[in-house]
Amino acid sequence: MNAAPLCRAFLFLVAGLTGASAAPAQPPAVPEPLLSGPLDAGTVARFVDFAADARVQARLGQAVADANPAVRAAAARIVHVTASTSALAAVADALSRETVVDAALEQTRALAALDGATHEQAIVTAWPRLGVEAWRVAAVHLAIRGRAAFGTIGALRAVESSPMALASVIRAARPDSDALGTLVETALADDDAVLLQAIVSVSTTTNTPIPMTRVTAMAAEDRPARMRQLAAEYVLRRQPANQPWTPEATAVLTSVTRVDGTGDQFHVVRELARRAIGQPPATDAAWMSLFDKPMPWTIVVSAAGAAALLTDSEVSRLRRVLPRFRIGGEEPTGSPNVLVQAMDSYPRGYVEAVLAATGCDLRRARTQGFGGGVGMLTLAMDGRATRLNMVDTGSIDLRCAEALRLLLTTHVAHPPTDVTLPHAIVVPFDADYIKCRDAQAFGPAAPTPDDSGRLQVPRKVRHREPTFPVAAARDRAGGVVTIAATIGTSGCLEDVRLVDTLDPRLDLAALRAVLDWRFEPARVDGRAVPMRTTVTVGFNVRRP
């Protein structure tokens, strides 16, 4: 659906509220409470309006080294969004001792964006202290620095063994085909099947091909069964429907049929490879039992080329264990003229601190549905907001409007993101949503489960129908809004964005509705994991 009028219509939603965040002619007077007394994250957030004042810079330096990690995180964010390069040495020093991921994320973002080459070693040496959460910090680093930081993946590999986390880090750098090929060479040189799995995942989910010469090297006769499996899996995923197999692809598929591997996923790949090169399909009980298990199919069978190798009865059995199974189906890919997203990226406790600092009372602010508002942001390459237009304050009072302005001014997009498009950010002022988001310890580029365990798919436990805007209903606007999101570990949606759009009034209504949905999260071997999903919200127009 066409989103061409979306930006224009958003700016029309609430007349008189639009205003750029241009600097005033005279520096504003700094309120005395900001210059004395104890520091908290909300107070630090207010520094954004007075960053040119030497006294505020001194206080910001104190906040960077504060004992409270929430204050350190807020301070590093203000250093970033105000480009306070004089504070970078203090930020690097704080990162050299940091053990709290939220603070490390903000410190890394500031260092990578403002002087990444100088501080790369400080960023990398922090990862071992962060343990299983190091990939979140690494993803921020690579998202900002891009392929210039690819050399740091080896350092991450020393502390990270999850293919899904490594894939998230690689994806954050937005690699092209040549970059993925170079990473394959690194993985082959180190005999690193885990890194190869991550590379194949990135290639197939971003539709970025790996040079076929590298794929052939993965399937060479002296390679382990796991590497041959990954090469065949890649070929199966990339094969267009109803197209003949190329000689190179046939050689890769033949290679995997000549080795013995372990695990259900291997047997699925090898069997599909056998069928592709003309061998008769297996029909034994062991093979058919795999159609009662979701996990072996979550990666391979979504490709049209692989699914075409299954019989009709096999596809029918598969649909019973994978209700969302679509042949060749990945996430819908719309081409909007503006990205519409829910608020993301704030450290835990930051939103509540800003509300408290401005005196915004959510119990009074929420008058109907979600209180809150919308801002239109223009972003720099590192995700900072360089221009802010207040679009819709959602009928909130002046104190909450000030909180909304501060949150939007200090918003930082989670890379990877398309900075060439304007971003409409929806900020819901709802205590339950804020609490749920904080519990998820949100990080960039949430991974999806790999094939290392048993998957329990997410299940919706709370639903809210959208409120059909009266004016849109009167105009007989209707249809379906498609939203891509991640179901987080505490059950609410994160990294939410519109994919296919309708009327902007319906887009906002749909977004506000799904933010109130709750899920039992996906689990692998009982452990909650984030999982990407696509949801649709329909608006049916009653005919006279």
Side-chain angles (χ1 to χ4, degrees), residues 177 180-181 184 187-188 193 196-197 199-205 207-322 325-330 450-451:
S177 180
L180 287 184
V184 169
L188 291 176
L196 273 182
Q197 180 176 339
I199 297 166
V200 169
S201 174
V202 171
S203 173
T204 54
T205 57
N207 198 30
T208 306
I210 300 171
M212 199 61 196
T213 54
R214 307 293 193 276
V215 180
T216 302
M218 292 163 58
E221 294 295 325
D222 59 342
R223 296 295 176 186
R226 177 60 175 154
M227 290 188 175
R228 298 198 203 184
Q229 174 194 332
L230 289 168
E233 187 175 302
Y234 171 83
V235 168
L236 290 167
R237 286 293 302 266
R238 296 289 303 177
Q239 176 69 11
N242 304 317
Q243 294 293 317
W245 300 94
T246 65
E248 294 83 1
T250 300
V252 170
L253 297 174
T254 301
S255 178
V256 79
T257 66
R258 294 175 175 169
V259 293
D260 292 323
T262 59
D264 291 342
Q265 185 79 21
F266 175 83
H267 292 301
V268 168
V269 172
R270 187 171 62 175
E271 173 61 21
L272 292 177
R274 291 180 66 255
R275 297 183 185 198
I277 62 176
Q279 298 181 14
T283 56
D284 56 89
W287 166 248
M288 295 306 294
S289 70
L290 294 179
F291 289 86
D292 299 323
K293 303 175 182 179
M295 207 57 179
W297 302 97
T298 54
I299 299 176
V300 175
V301 84
S302 61
L309 301 173
L310 301 173
T311 66
D312 290 343
S313 62
E314 289 170 340
V315 170
S316 296
R317 291 188 64 160
L318 193 58
R319 289 188 188 279
R320 290 200 294 270
V321 294
L322 294 177
F325 169 71
R326 297 190 305 271
I327 292 179
E330 298 294 343
D450 57 22
D451 62 346

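- Applying the side-chain contact (heavy atoms from CB on, under 4.5 Å) rule to Ala217 yields the partners Leu188; only residues at least two apart in sequence or on another chain are considered.
- Closest heavy-atom contact between Ala225 and Gly261: CB-CA, 4.2 Å.
- In plain terms, the two heavy atoms of Val235 and Met212 that are nearest each other are CG2-CE, 3.9 Å.
- Contact of the Glu233 side chain with the Gln197 side chain is not registered, since no non-hydrogen atoms from C-beta on lie closer than 4.5 Å.
- Between Leu253 and Leu236 there is a side-chain heavy-atom pair separated by less than 4.5 Å.
- Residues satisfying the salt bridge (charged side-chain N to carboxylate O under 4.0 Å, His left out) test with Glu314, not counting sequence neighbours, are Arg275.
- Looking only at side-chain heavy atoms (C-beta outward), Val252 and Met218 stay at 4.5 Å or farther from each other.
- With sequence neighbours left out, the side-chain hydrogen bond (donor to acceptor under 3.5 Å, both in side chains) criterion links Thr208 to Thr206.
- Put simply, CG on Leu310 and CZ on Arg317 are 12.0 Å apart, with the number rounded to the nearest 0.5 Å.
- Within the model, atoms CG of Asn207 and CZ of Arg238 stand 5.0 Å from one another, a figure rounded to the nearest 0.5 Å.
- Of the possible donor and acceptor atoms, none in the side chain of Thr257 sits under 3.5 Å from a partner among the backbone N and O of Arg274.
- The closest side-chain heavy-atom distance from Phe266 to Asp260 is not below 4.5 Å.
- Annotation: side-chain contact (heavy atoms from CB on, under 4.5 Å) contacts of Ser313 (sequence neighbours excluded): Thr311.
- The two residues Val259 and Arg270 come nearest to each other via the heavy atoms O-NH1, 2.8 Å.
- Judged as a side-chain hydrogen bond (donor to acceptor under 3.5 Å, both in side chains), and not counting sequence neighbours, Arg223 has no contacts.
- Annotation: side-chain contact (heavy atoms from CB on, under 4.5 Å) contacts of Thr246 (sequence neighbours excluded): Glu248, Ala249.
- Val215 and Ala231 make their closest contact through O-CB, 3.7 Å (heavy atoms, listed as atom of the first residue, atom of the second, distance).
- A heavy-atom distance below 4.5 Å is not found between the side chains of Ile277 and Trp245.
- Of all the heavy atoms in Ile210 and Tyr234, the pair that sits closest is N-OH, 2.9 Å.
- With sequence neighbours left out, Gln243 forms a side-chain hydrogen bond (donor to acceptor under 3.5 Å, both in side chains) with no residue at all.
- Nearest heavy-atom pair across Pro211 and Gly181 is CD-CA, 3.9 Å.
- Taking Asp284 as the reference, Ala282, Ala286, Trp287 meet the side-chain contact (heavy atoms from CB on, under 4.5 Å) condition, with sequence neighbours excluded.
- Between the Arg228 side chain and the Ser255 main chain, a donor and an acceptor come within less than 3.5 Å of each other.
- Shown here are the side-chain hydrogen bond (donor to acceptor under 3.5 Å, both in side chains) partners of Arg258, two or more places apart in sequence or in another chain: there are none.
- Residue pairs meeting the side-chain hydrogen bond (donor to acceptor under 3.5 Å, both in side chains) criterion with at least one partner in residues 213-222, sequence neighbours excluded, are Glu185-Arg214.
- Between the CG atom of Leu272 and the CD atom of Gln239 there is a distance of 12.5 Å, given to the nearest 0.5 Å.
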